[in-house]
Amino acid sequence: MNSQAAALKPVAAVSERDMANAIRALAMDSVQKANSGHPGMPMGMADVATVLFSRFINIDPSAPHWPDRDRFVLSAGHGSMLQYALHYLLGFEDMRIEELQRFRQLGSRTAGHPEYGHALGIETTTGPLGQGISTAVGMALAERMLAARHGADLVDHFTYVIAGDGCLQEGISHEAIDLAGHLKLSRLIVFWDDNAISIDGPTSLSTSMDQPARFKAAGWHVQSVDGHDTEAVAAAIEAAQQSDRPSLIACRTVIGKGAPNLGGSEKTHGAPLGDAEIAATRENIGWAYAPFEVPDDILFTWREIAERGQAARHAWEQRLAASPRREAFESAVAGDLPDAVFEALGAFRKEHVEKATKVATRKASEMALGAINAATDLTVGGSADLTHSNLTITKGMDRIAPDDYAGRYIHYGIREHGMAAAMNGIALHGGFVPYGGTFLCFADYARGAMRLSALMGQRVVYVMTHDSIGLGEDGPTHQPVEHLAMLRATPNLNVFRPADIIETAECWELALKSKNRPSVLVLSRQNLPMLRQALSDEPHSDENRSSQGAYILREPAEHRAVTLIATGSEVEIAVTAAERLETEHGIAAAVVSMPCWELFEEQDADYRKSVLGSAPRVAVEAAARLGWDRWVGDTGAFVGMAGFGASAPAPDLYRHFDITPEAVAAAALKLII
Ligand SMILES: Cc1ncc(C[n+]2csc(CCOP(=O)(O)OP(=O)(O)O)c2C)c(N)n1
Ligand SMILES: [Mg+2]
């Protein structure tokens with residue numbers, strides 16, 4: 001017990017009712033002061049949260065990153081004041097009362113919705129409904145996988161989630177609960193804030209779903225309790241902890257519980273209660289203290305909770321110190337990939353430059369992954385039911401199965417959004433580097449969670465194959481057009497579109513080294529030649545040319561008359577166009593391969609200028625033009641897609657949509673002459 005806690009020691013026992021009322025008061029006062037926020041949910045779930053934290057959860061605010069801590073995810077992120085009040089009460093050092101008084105203000109730790117990295121102990125960013133519960137599935141899976149590798153003496157914790165009606169209505173929850181039930185993620189315990197209210201009013205306006213039946217059908221252990229009956233909640237948590245399946249505890253609650261006039265109404269969902277109702281609530285719940293004042297005895301009781309987690313942490317640290325797995329465990333949790341991975345990729349590049357290997361970049365990715373996965377076991381792969389199209393599995397990767405978590409390949413099922421969220425959870429949990437595949441076109445389905453990978457700065461690698469009309473016969477439903485623009489517009493996301501096997505290996509290296517940023521590898525279905533021989537100097541170099549985002553692949557002997565810029569499968573087209581311009585028209589054309597816009601933007605102006613040159617520019621990419629004007633400038637041209645694709649063999653489509661060396665050469669000639 002620290003000295004501050006000792007000074008606060010209570011004379012009489014404090015009830016859980018008082019502890020919960022502290023949350024209610026802090027929530028309604030903070031929202032009132034900010035004149036913005038959501039008091040209803042924290043007030044309604046205050047009793048459940050109090051029982052969970054006071055009797056069960058193992059966290060240590062003085063060591064918030066302790067690897068074997070229980071995870072807490074506030075999926076109903078609009079109720080952020082619940083989390084902030086808890087953090088203050090528990091004694092997280094960065095969550096002082098001033099932070100609650102600056103709720104939702106610029107630069108405070110108390111952002112509108114909980115944001116990973118803004119305050120200690122926030123395990124994931126939530127707010128987009130359904131993301132939290134789905135991310136938590138990844139955390140609970142990572143826990144099982146890490147336990148399978150390192151043993152229960154090092155890894156043995158629960159993932160607790162508070163989800164609202166909104167989280168359960170969102171489609172992503174269906175993907176997540178199905179996956180969790182199937183995989184029997186028994187350490188996942190979800191509390192449903194079953195208050196039957198959302199923004200528009202009663203949930204009966206829009207749903208008749210029997211949620212417990214839905215969870216049961218997905219293989220969950222399901223209980224229903226009165227969320228204000230603390231003993232019932234505690235008993236349900238105990239039962240959930242014993243279950244061999246993930247658990248739903250449906251907690252019947254009253255939104256805005258404690259507010260005498262507004263409690264139970266959607267009016268408490270997302271607006272301050274107002275001075276009169278706050279005064280009436282104080283009276284109603286017997287809270288005779290000023291705003292932001294929590295009496296010492298109640299605060300002491302909350303702070304004492306940390307002792308349980310601290311003791312658990314100390315015991316765990318002793319087990320770790322004595323464990324033969326210590327080194328392996330620590331390096332896994334640190335996320336450090338061994339040098340062997342990058343040495344293997346270097347050797348891989350040298351070999352395939354020499355062999356001039358011609359394969360689809362999806363195949364090149366599979367081959368590169370073969371080298372990566374043989375050099376480390378931190379990578380865990382998967383696909384949304386397109387394993388043999390995305391080529392994401394490599395030799396010796398066993399599948400993760402219910403009750404068998406020792407493998408490293410996850411069959412995510414046809415659940416792109418759930419897969420992306422689960423990968424976020426795996427990355428956040430620590431111990432693994434997740435990658436997962438689908439078709440680029442279905443980035444749309446995964447988008448909500450991809451955005452959070454970027455916002456949270458997580459090393460998640462998206463392997464997105466079938467990247468253009470080049471996929472051919474499947475037609476426009478499967479041919480991405482606008483997706484590159486959408487992904488490139490997303491901040492803190494590296495979008496790689498490699499042109500050949502060498503760039504593919506380079507881009508994989510960059511993705512794995514990018515610890516604070518997710519990556520998308522955009523890969524072709526069709527074969528692509530090895531293009532490095534087009535370089536005027538040594539084709540192989542130890543240097544990773546893709547690391548600067550763009551580089552000169554072909555520099556003509558004469559002063560450049562035009563610069564052709566391309567990515568992925570269209571770099572080959574640009575190279576052919578440059579050769580024709582030279583031989584047929586005597587025009588000196590440079591070719592720039594630009595596998596990653598984001599990395600190119602980060603280079604200094606001199607480098608960018610040296611690559612782009614001062615001659616007119618033509619960009620070629622079998623996708624929408626949006627964004628390319630940045631690189632071709634006012635006087636440039638673009639050869640690409642202006643609408644949706646079509647169903648036909650790929651070579652026919654390239655001709656039909658006029659994405660050919662002839663078209664590129666013609667566009668160049670038009671600019672020059
Ligand atoms: C994906 C997404 N859609 C819409 C919203 C806007 N929104 C925030 S809270 C909410 C209603 C949530 O209802 P519920 O989970 O029952 O919360 P309660 O009103 O019970 O606090 C909505 C629609 C959102 N945050 N995320
Ligand atoms: Mg609700």
Side-chain angles (χ1 to χ4, degrees), residues 23-24 27-28 30-31 36-49 73-85 104 111-115 124-136 161-177 190-212 214-215 224-228 248-259 262-273 416-418 420-421 424 444-453 455:
I23 297 175
R24 292 190 171 96
M28 68 180 182
S30 299
V31 171
S36 161
H38 302 76
M41 184 272 182
M43 295 174 79
M45 284 300 278
D47 297 312
V48 171
V73 173
L74 187 70
S75 191
H78 58 278
S80 56
M81 266 314 304
L82 177 67
Q83 183 142 26
Y84 302 144
R104 294 188 151 226
H113 296 84
E115 289 187 48
T124 183
T125 295
T126 54
L129 298 169
Q131 291 293 336
I133 184 174
S134 310
T135 305
V161 178
I162 291 182
D165 301 301
C167 292
L168 301 196
Q169 284 185 24
E170 288 291 350
I172 190 175
S173 76
H174 187 75
E175 301 181 14
I177 71 170
V190 174
F191 301 91
W192 169 31
D193 179 16
D194 177 16
N195 61 20
I197 290 286
S198 62
I199 294 181
D200 280 1
T203 49
S204 59
L205 288 171
S206 59
T207 180
S208 308
M209 178 60 72
D210 180 343
Q211 290 289 1
R214 183 169 79 113
F215 278 78
S224 296
V225 297
D226 173 347
H228 303 298
L248 176 77
I249 304 177
C251 305
R252 189 79 207 166
T253 61
V254 176
I255 191 169
K257 169 87 174 169
L262 296 180
S265 157
E266 68 273 18
K267 293 200 175 96
T268 67
H269 164 89
L273 298 184
E416 296 80 10
H417 203 179
N424 284 341
D444 290 338
Y445 280 52
R447 161 94 183 132
M450 292 179 79
R451 184 167 194 268
L452 287 188
S453 314
L455 183 59

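These numbers come from a predicted model, not from an experiment. Every number for a ligand or one of its atoms is a count from 1 in the order of the listing.
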Could you verify whether a donor N or O on one side chain and an acceptor N or O on the other, from S198 and D165, lie under 3.5 Å apart?
-> no
Using distance alone, with no hydrogens and no angle criterion, decide if S173 and R214 have a side-chain donor and acceptor under 3.5 Å apart.
-> yes
What class does the angle between the rings of H38 and H269 fall in, given that below 30° is parallel, 30 to 60° is tilted and above 60° is perpendicular?
-> perpendicular
Tell me, which residues have any heavy atom less than 4.0 Å from some atom of ligand 1?
-> M41, H78, G127, P128, L129, G164, D165, G166, E170, N195, I197, S198, I199, I255, H269
Residues at least two apart in sequence or cross-chain that pass ring pair (Phe, Tyr, Trp, His ring centres under 6.0 Å) with H417, listed by chain then number, are none
Number of protein N, O or S atoms [distance to the Mg ion (ligand 2) under 2.8 Å] = 3
Is a donor on one side and an acceptor on the other found under 3.5 Å between the side chain of S208 and the backbone of S204?
-> no
Between Y84 and A111, is there a donor-acceptor pair closer than 3.5 Å when you use the side chain of the first and the backbone of the second?
-> yes
Is the closest basic N to carboxylate O distance between D194 and R252 below 4.0 Å?
-> yes
With sequence neighbours left out, the residues meeting side chain to side chain contact (heavy atoms under 4.5 Å, CB included) with P212 are W192, D210, V222, S224
Identify the heavy atoms of V73 and T124 that sit nearest to each other, and give their distance.
-> CG1-CG2, 3.8 Å
